[in-house]
2 protein chains.
Amino acid sequence: MARSVLGRGTARERVLEAAMALFGEHGVNGTSLQMIAARLGVGKAAVYYQFRSKEDLVLAVVEPIYDDMARLVTIAEALSTAEARRDVVVSGLIEMCVRHRRLAAVLYGDPAVDSLVQSRPELAATVEQFTALVTGGNLDTHGRVILAMIVNGIYTAAIDPNLADISDADLLQSLQAGTRHLIKML
Amino acid sequence: MARSVLGRGTARERVLEAAMALFGEHGVNGTSLQMIAARLGVGKAAVYYQFRSKEDLVLAVVEPIYDDMARLVTIAEALSTAEARRDVVVSGLIEMCVRHRRLAAVLYGDPAVDSLVQSRPELAATVEQFTALVTGGNLDTHGRVILAMIVNGIYTAAIDPNLADISDADLLQSLQAGTRHLIKML
DNA sequence: GTCTATAATCCGATAGAC
DNA sequence: GTCTATCGGATTATAGAC
């Protein structure tokens, strides 16, 4: 169990950490395994020792957020009305985005992650259920646009690099306030 | 001036159209010139006849939106107060996102586009001025988060595929209403 | 666990025939 | 204007030495 000069934790954790940082900067398709290895000061084969393919690595990076999402879906689906389900999912989304702030920035809208998710039935199902819970209930055109502003606003405000200096607690509070304000317009 | 079997307009316009569609689906880094050529039913060299490099092609695809942004910056900078400038830029952003709905989806957050913009001083300057105008004035932490929700909410609601069925006019109206509502919280 | 070496593939880009 | 052919380089991934 020799460890590299840079970073802490297990070799696997250090690869995940480096991958996350580089995915965030260059996107998944713009990040080669060579770049990840170089950042860690190791050879390309050292990365392949931890993950048998790039797809496996991306999946491992992305896993924690989809675990949270699946948990949130399970909780919300136990509720009885569409409005209650949406409220739980949206406020759960806020907490999720804040908790996984750095990670969320990585996968949000990345086409490589999107197609990877679509290729895995469990992940695709979770995303589909999540979307259904958010857009559930009968909304008119105006409501749908406002709801999209809320959900995407939460997501992208949480990951905005310009807001990186704001603490998790402050961010959480402001997102909750803004959401409460907008959700009245539905 | 022979023209290919598929599509309309000049050869250059057809390449731009195909590139935009594929960039939106797979991202810039996930789209090879071979894919673009294949979609048009031509060879790779036919694309290189219209654009001397992939960078040139990406630049040409992205150009219209940065032209609009530069125009908006010029108009806003002539105003006297920070609040007036921000109002003009934000409402201009709404119109811009609706007008370039499909294109905006392509470049929003694409790392390849980001680094291309950063490598071109004119484009980088325009983006920087735009950001400065939006975040101008003195805002507290809460205001900064709300503003990020507004701006990113506008952007991503305009490009949301789930809202593709909504007309430009309806989308414009709802975005303006939601923004007016949220901007009171600043 | 990490290394070098290498295989197979794909990329962007160029040259030149037609 | 479009084609084929090809170059050099980078990529994912594997094999085997240490």
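Note that this is a predicted model, so its numbers are computed, not measured. Residue numbers begin at 1 in each chain, while the letters A, B, ... track the order of the sequences.
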Where along nucleotides 3-18 of chain C does protein come under 4.0 Å, by heavy atom, of base (B) or sugar-phosphate alone (S), with - for untouched nucleotides? BB------SBBB----
The criterion is salt bridge (charged side-chain N to carboxylate O under 4.0 Å, His left out); which residues satisfy it with A:E55, sequence neighbours excluded? A:R120
B:L59 and B:F51, any side-chain heavy atoms less than 4.5 Å apart: no
Less than 4.5 Å apart, any side-chain heavy atom of A:P64 and any of A:H100? yes
Rounded to the nearest 0.5 Å, how far does CG of B:L57 lie from CZ of B:R12? 9.0 Å
Specify the closest pair of heavy atoms between A:T135 and A:L147, including all atoms of both residues, with the distance to one decimal. CA-CD2, 4.0 Å
Tell me the closest heavy-atom pair linking A:M185 and A:H142, and the distance in Å. CE-NE2, 3.9 Å
For atom CD of B:Q129, decide whether the heavy atoms of other residues, nucleotides or ligands shown that lie under 6.0 angstrom number more than 12. yes
Just wondering, are more than 12 heavy atoms of other shown residues or ligands nearer than 6.0 Å to CD in A:E128? no
Just how large is the angle between the end axes of the helix from C:dG1-D:dC18 to C:dC18-D:dG1, five pairs per end, to 10 degrees? 0°
Could you state the CG-P distance from B:N29 to D:dA10, rounded to the nearest angstrom? 15 Å
Expressed in angstrom and rounded to an integer, what is the separation of A:L57 atom CG from D:dA13 atom P? 10 Å
Does C:dT2 have OP1 or OP2 under 4.0 Å away from a side-chain N or O of A:Y49? no
